[in-house]
Amino acid sequence: MEIIRFADIHPEPWRNGGGVTRELASHPKAASAQDGAWDWRVSIADVSKAGDFSVFPGMERVITIIEGELLLLTVDGSEHPLEKYRPFRFSGEAASGATLPTGDIRDLNVIAREGAFKGYTSIVEISKKRAHPVFEGQLAVLLEGKATVAPGAAVEEESDGDAPATSAAEPVELSRYDAVVGSDTRSPEISGRGFIAVISIDHVESHS
């Protein structure tokens with residue numbers, strides 16, 4: 001079970017000085033975040049002043065406000081008011097910028113290479129009564145509230161005796177903005193009270 005601790009991620013300043021970004025995950029991992037060599041990236045950004053967004057040619061973006069009230073996003077001259085927990089999709093190639101009518105905001109960014117991957121963001125309210133599984137190709141981020149994560153039931157018995165999985169694994173507490181990496185083998189299950197963002201990265205089949 002893999003957990004990405006938000007507190008351990010080093011913030012990187014934007015090139016235009018308008019905020020900082022913390023990268024939760026990217027693919028391939030060896031790619032440089034500076035030149036956009038990755039095929040997809042999930043990150044959390046702090047926006048502290050109005051200004052232009054970076055341009056990502058050949059990419060599609062999904063942005064979700066996760067802290068603060070409102071971001072006014074302008075994409076190719078059209079203004080879009082983005083409210084908290086409402087994902088918005090737009091082209092990474094577009095000329096885009098933002099103003100902050102209600103003050104600083106924090107947003108969740110999913111950027112994926114068009115024609116190769118497609119990114120989706122869903123906001124889910126979690127419950128203590130029913131755990132929410134995180135599957136292969138997904139990343140779940142705790143946005144607010146209190147939550148724990150534990151491995152799900154084993155799909156099959158361990159064939160070797162190296163490290164047999166126990167069915168009663170202790171739940172691990174999550175802090176705000178920690179991310180859980182999904183798996184189809186004993187899919188991690190999140191339970192508690194609050195909201196999570198479930199990011200899905202789908203591979204797009206080429207029909208050419």
Side-chain angles (χ1 to χ4, degrees), residues 1-9 21-29 38-45 60-67 82-89 106-113 116-205:
M1 189 171 67
E2 184 181 352
I3 301 171
I4 301 165
R5 296 292 187 182
F6 185 72
D8 295 338
I9 302 173
T21 295
R22 292 173 175 84
E23 181 180 293
L24 296 176
S26 63
H27 172 82
K29 289 185 178 180
W38 30 260
D39 287 324
W40 59 260
R41 185 182 74 171
V42 178
S43 62
I44 289 177
E60 187 179 58
R61 304 182 64 168
V62 180
I63 184 173
T64 309
I65 308 307
I66 57 174
E67 195 172 323
L82 306 188
E83 298 176 335
K84 188 177 180 182
Y85 292 173
R86 293 184 180 274
F88 179 78
R89 184 183 300 275
R106 176 171 273 174
D107 61 53
L108 175 68
N109 283 283
V110 180
I111 307 178
R113 191 173 302 282
F117 293 91
K118 189 85 172 178
Y120 301 89
T121 302
S122 300
I123 307 301
V124 177
E125 185 172 6
I126 54 174
S127 162
K128 288 184 176 180
K129 294 181 179 179
R130 188 172 65 181
H132 192 284
V134 189
F135 299 114
E136 184 75 31
Q138 293 185 332
L139 196 70
V141 181
L142 177 63
L143 300 180
E144 64 176 279
K146 285 185 170 291
T148 59
V149 60
V155 177
E156 57 185 345
E157 294 295 326
E158 295 285 339
S159 58
D160 57 19
D162 290 344
T166 58
S167 58
E170 283 294 316
V172 177
E173 190 168 337
L174 296 174
S175 298
R176 194 176 191 187
Y177 303 128
D178 285 352
V180 176
V181 179
S183 171
D184 283 343
T185 305
R186 302 195 74 197
S187 300
E189 296 183 339
I190 299 174
S191 58
R193 287 188 182 277
F195 290 89
I196 60 174
V198 179
I199 298 111
S200 300
I201 306 291
D202 292 351
H203 191 269
V204 178
E205 295 293 337

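Both the sub-6.0 Å distance and the 45° axial angle are not jointly satisfied by R22 relative to the ring of Y177.
One distance of note links CD1 of I65 with CG of D107; it measures 5.0 Å at 0.5 Å rounding. Distance check: F88 CZ to T64 OG1 gives 11.0 Å after rounding to the nearest 0.5 Å. Annotation: the span from R41 atom CZ to L24 atom CG amounts to 10.0 Å, rounded to 0.5 Å. Note that the CZ atom of R106 and the CG atom of L143 stand 11.0 Å from one another [nearest 0.5 Å]. Of the inter-residue distances, the one linking I190 atom CD1 with R130 atom CZ reads 14.0 Å to the nearest 0.5 angstrom. In this structure, CG in D39 is found 10.5 Å from CD1 in I201, a value given to the nearest 0.5 Å.
The two residues E173 and R5 have their closest heavy-atom pair at O-NH1, 3.1 Å.
Here the side chains of I111 and W38 are in contact, with some heavy-atom distance below 4.5 Å. Contact of the V134 side chain with the S187 side chain is not registered, since no non-hydrogen atoms from C-beta on lie closer than 4.5 Å. In this structure, the side chains of H132 and V198 come closer than 4.5 Å at one or more pairs of heavy atoms. Within the 4.5 Å cutoff, no side-chain heavy atoms of I199 are placed close to those of Q138. Residues I44 and F6 have side chains in contact (heavy-atom distance under 4.5 Å, counting atoms from C-beta outward). When side chains are defined from C-beta on, L139 counts as touching V181, because their heavy atoms get closer than 4.5 Å. With a 4.5 Å cut-off on side-chain heavy atoms, S183 and P188 count as touching. Looking only at side-chain heavy atoms (C-beta outward), K128 and S191 stay at 4.5 Å or farther from each other.
With V180 as the fixed residue, the side-chain contact (heavy atoms from CB on, under 4.5 Å) test singles out one of I4, V149, V172: V149.
No more than 12 heavy atoms of other residues, nucleotides or ligands sit less than 6.0 Å from atom NZ of K146.
Below 30°, between 30° and 60°, or above 60°: for W40 and H27 the angle between ring planes is below 30°, a parallel geometry.
We find that D202 and K118 are not joined by a salt bridge, their nearest charged nitrogen and carboxylate oxygen being 4.0 Å or further apart. Between E60 and R89, at least one side-chain nitrogen of the basic residue sits less than 4.0 Å from a carboxylate oxygen of the acidic one, meeting the salt-bridge criterion.
Between the side chains of N109 and R61, at least one donor N or O lies within less than 3.5 Å of an accepting N or O.
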